[in-house]
Amino acid sequence: MFNIGTGYRFLMIEGTSEGWGELVFTETVVDIDGPLLKLASGRIINSHSSLFVSANPVTMLASASSMQETAPEGIA
């Protein structure tokens, strides 16, 4: 279900002093141990937890720097 090195958009439920809410963040999975996912930030998530809602792979688009065209010589 999960792949090491892939970025995911996670949706989880979190409890705050104001009640229950959603926590949405994007992280890369660096290790998997059963249902436990270790993320690049060091955070560990239990994908079998009742607070875990979803994780969708993030499609990486080409970076802006690789899409920039070089100007013809003489044009600044």
Side-chain angles (χ1 to χ4, degrees):
M1 178 176 181
F2 293 97
N3 296 313
I4 293 174
T6 300
Y8 293 89
R9 181 178 178 270
F10 290 92
L11 173 60
M12 299 188 68
I13 297 171
E14 70 172 346
T16 67
S17 59
E18 298 176 10
W20 295 98
E22 292 181 348
L23 174 64
V24 179
F25 59 94
T26 302
E27 285 264 8
T28 300
V29 174
V30 295
D31 196 17
I32 301 170
D33 184 10
L36 302 178
L37 307 174
K38 183 173 183 182
L39 307 180
S41 66
R43 179 186 284 180
I44 296 176
I45 292 186
N46 181 352
S47 63
H48 288 182
S49 167
S50 60
L51 301 178
F52 178 87
V53 178
S54 67
N56 297 309
V58 176
T59 358
M60 296 298 188
L61 299 175
S63 67
S65 61
S66 67
M67 294 178 61
Q68 292 176 346
E69 294 182 26
T70 55
E73 286 193 34
I75 299 177

Without placing hydrogens or testing angles, list every side-chain donor-acceptor pair under 3.5 Å for residues 31-48, not counting sequence neighbours.
residue	atom	partner	partner atom	Å
S41	OG	E27	OE2	2.8
S41	OG	R43	N	3.4
N46	OD1	H48	N	2.9
S47	OG	P35	O	2.9

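- Rounding to the nearest 0.5 Å places CZ of F25 at 10.5 Å from CZ of R9.
- Taking all atoms of both residues into account, the shortest heavy-atom contact from T6 to P57 is CG2-CB, 4.3 Å.
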### Message
Checking Y8 against V29 for the side chain to side chain contact (heavy atoms under 4.5 Å, CB included) test, could you report, in this order, the C-alpha distance in whole Å, the side-chain angles of both residues, the deciding distance, and whether it holds?
### Response
CA-CA 8 Å; Y8 293 89; V29 174; 3.6 Å; yes
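- M1 and I4 fall within a single hydrophobic cluster, where Ile, Leu, Val, Met, Phe, Trp and Tyr side chains are chained together by heavy-atom contacts under 4.5 Å.
- More than 12 non-hydrogen atoms from other residues, nucleotides or ligands lie less than 6.0 angstrom from CD of E14.
- How far CE of M12 is from OG of S49: 5.5 Å, rounded to the nearest 0.5 Å.
- Using a 30° and 60° split on the angle between ring planes, F52 and F2 fall in the perpendicular class, above 60°.
- V24 is connected to I13 through a chain of hydrophobic side-chain contacts under 4.5 Å among Ile, Leu, Val, Met, Phe, Trp and Tyr, so both are in one cluster.
- When the side chains of ILVMFWY residues are joined at heavy-atom separations under 4.5 Å, either directly or via intervening members, L51 and L11 end up in a single hydrophobic cluster.
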